[in-house]
Amino acid sequence: MSEPKELSPALEPAELSPPTDLPEGWLQVQAMDLDAQGVARKPDGKVVFIDGALPFELVTANTHRKKNNWEQASLVAIHRESSQRVRPGCPHFGLHAGACGGCKMQHLHVGAQVAVKQRVLEDNLWHLGKVRPQTMLRPIEGPVWGYRYRARLAVRHVIKKGTVLVGFHERKSRYVADMGQCPVLPPHVDAMLMPLRALIASLDARDTCPQIELACGDEVTALVLRHLEPLSAGDLARLRAFAAEHQVQWWLQAKGPDTVKLLDEGGAQLSYALPDFGITMPFKPTDFTQVNPHINRVLVTRALRLLDVQPHERVIDWFCGLGNFTLPLATQAREVLGIEGSEALVARSRENYALNKAPALSRKGLSATQFVARNLFEMTPAMLVADGVADKWLVDPPREGAFALAKALADIEQARRGAEDAAPLPAGAEGWTPPKRIVYVSCNPATLARDAGLLVHLAGYRCTAAGMVNMFPHTAHVESMAVFERD
């Protein structure tokens, strides 16, 4: 079990000090942590993390784990309920044995979920990076059900129960939850869960198929079946019959992700559109794409609006992936450079650029764009200078953040200021200038805050705006973006 994460404020500021007038054994929940646990203090000041409790509730709880400075507990009774507590939208959500672990916040009103996540972002920026944005952006919100177009579903043939389970894992468990439905999946996939269980049960390979990966495009629903042994002719026929009945596209994965292949060639291509830019993005089901396409469309549009690219400017898109931001940038900038760590994704981004390069009725053609594969976790000032001057940057790293990139930028600035212990400027840095504006899209507020601290305190930037993006409703995952400008 993981250690409780750093405390985050509740729906409004609250001091984490224990009330003195409560009945014995009662606790007042005053905050929520990053695992969606209620946070309270005992009369002696000891912090208690309570599964299922919400801010401002009066509860009793049963402690099941004790440390010197904190305890973990399970909710026993609610004596005063939060006005933001709601009935979960899925029968598999909860604290009961066998409950699904895919969501953590279905008992909290979605508006309150957004407020908590916005405060998580603000709290991390200040406590970890000592950065306060000049403006907090309005949160980006979208559908709260049926939004999850990407998912990794575990598969388990339970011989003792004579059934096959397909779904997410149980809360804090390696066991697969017994799920009959999942309302965060698209409705047509939700309706497919029980038929999928029946399909796997009918396979000869039912004991050697541990996973089904879901990838929905705008027109195609792809299912990637992980199989540890070759599939029989009968099993392949059963997969084809299921595909015809449910209008899905089967892909097979015998080993690693590079072994993924279509069961049957032909048919429509898996893709999603960015209509504001006239862009269509084909992808493979194992490629990284955003889980929530509705939010992604808004996210890309807002990021480019905040970056405010002009026709004469050169832009670098760091961690460019398939070109989710790169290709829209190429509709606005003079020149774009996309840099990504994965050779496979770089190849795919080049293909997507070629597909979208020709002018369309809705837009002009794409500007000159290059894609480069490079390990962005090993960036240096010399590498940064070698990439040339860019007017603006778009940064969209994985959970690890963009520390090496931010540090390289900070090192150059510190060398120019003649700071003590600063390394010398790399060759060619005399004529190199840093970007005027950076838009940083983050899936981890802690690493965003760390990198923001470098940009603001060492690299010469101001954080002019920041805001959260509710990419994953009902979960504790916090997506966000921040804008940095040169002083």
Side-chain angles (χ1 to χ4, degrees), residues 142-143 146-153 155 166 182 184-193 195-196 199 209 211-227 231 236 239-297 299-300 320-328 338 340 342-358 360 371 396 471-472:
Y147 70 84
R148 187 154 191 156
Y149 276 45
R150 299 299 304 263
R152 188 168 292 163
L153 304 174
V155 177
V166 177
C182 180
V184 299
L185 295 176
H188 71 286
V189 180
D190 178 23
M192 212 185 296
L193 284 180
L196 273 173
L199 169 68
C209 293
Q211 176 183 293
I212 297 174
E213 190 161 352
L214 165 72
C216 293
D218 292 344
E219 306 295 336
V220 176
T221 297
L223 298 174
V224 183
L225 180 65
R226 178 78 172 95
H227 58 100
L231 298 176
L236 295 177
L239 292 177
R240 291 187 175 101
F242 185 94
E245 180 180 355
H246 296 278
Q247 299 299 300
V248 298
Q249 188 181 81
W250 278 110
W251 294 64
L252 303 179
Q253 181 180 345
K255 294 182 180 178
D258 58 332
T259 66
V260 169
K261 63 178 183 179
L262 267 169
L263 172 59
D264 294 307
E265 295 294 334
Q269 189 172 28
L270 192 62
S271 66
Y272 66 90
L274 296 171
D276 286 356
F277 306 96
I279 299 292
T280 298
M281 301 286 291
F283 65 99
K284 289 188 176 180
T286 50
D287 289 340
F288 173 80
T289 58
Q290 293 289 8
V291 161
N292 189 328
H294 319 286
I295 293 296
N296 183 58
R297 286 192 279 268
L299 174 67
V300 173
C320 68
L322 291 168
N324 187 54
F325 291 100
T326 326
L327 300 192
E340 166 60 43
S342 164
E343 291 277 5
L345 284 179
V346 165
R348 205 94 72 244
S349 61
R350 288 176 180 146
E351 293 170 3
N352 288 344
Y353 174 74
L355 175 72
N356 288 276
K357 187 177 180 181
F371 294 94
D396 182 21
M471 185 73 75
F472 297 83

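Worth knowing before you read on, the calculation uses all heavy atoms, side chains too, and leaves out hydrogens, waters and symmetry mates.
Ring geometry for Y353 against F371 counts as perpendicular: the plane angle is over 60°, on a 0 to 90° scale with 30° as the lower cut.
Atom CG of L199 and atom CH2 of W250 lie 5.5 Å apart (nearest 0.5 Å). Separation of atoms CG (L185) and CG (L153) is listed at 6.5 Å; rounding is to 0.5 Å. The distance from the CD atom of Q211 to the NE2 atom of H227 is 12.0 Å, given to the nearest 0.5 Å.
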Using the side chain to side chain contact (heavy atoms under 4.5 Å, CB included) rule, take N324 and T289 through it: C-alpha gap first, then chi angles, then the decisive distance, then the call. CA-CA 8 Å; N324 187 54; T289 58; over 6 Å; no

Worked verdict on Q247 versus T221 for side chain to side chain contact (heavy atoms under 4.5 Å, CB included): CA-CA 8 Å; Q247 299 299 300; T221 297; over 6 Å; no

For T326 and N352, what are the C-alpha separation, side-chain angles and deciding distance, and is it a side chain to side chain contact (heavy atoms under 4.5 Å, CB included)? CA-CA 10 Å; T326 326; N352 288 344; over 6 Å; no

With side chain to side chain contact (heavy atoms under 4.5 Å, CB included) as the criterion, how do Y149 and Q290 come out once you've worked through the C-alpha distance, each side chain's angles and the decisive distance to 0.1 Å? CA-CA 8 Å; Y149 276 45; Q290 293 289 8; over 6 Å; no

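Heavy atoms only, all atoms of each residue included: G321 and S349 are closest at O-CB, 3.6 Å. Closest approach of G323 and P328 over heavy atoms only: O-CD, 3.7 Å. When all heavy atoms of A268 and V220 are compared, the closest pair comes out as CB-CG2, 3.6 Å. Considering every non-hydrogen atom in both L225 and C209, the closest pair reads CD1-CB, 4.0 Å. Across every non-hydrogen atom of N296 and Y272, the tightest pair is ND2-CE1, 3.8 Å. Nearest heavy atoms, Q249 versus G266: NE2-O, 4.5 Å.
Remark: the backbone N or O of V260 is not paired with any side-chain donor or acceptor of Q253 at under 3.5 angstrom. Judged purely by atom type and a 3.5 angstrom limit, R148 has no side-chain atom pairing as donor or acceptor with the backbone of F472.
Within the 4.5 Å cutoff, the side chain of E213 has no heavy atoms near those of the W251 side chain.
The side-chain contact (heavy atoms from CB on, under 4.5 Å) test with L223 is passed by exactly one of L252, V248, L263: V248.
At most 12 heavy atoms of other shown residues, nucleotides or ligands fall within 6.0 angstrom of atom CZ in R152.
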Considering only distance and modelled atom types, tabulate donor-acceptor pairs under 3.5 Å from the side chains of residues 273-284, sequence neighbours left out.
residue : atom : partner : partner atom : Å
D276    : OD2  : T301    : OG1          : 2.7

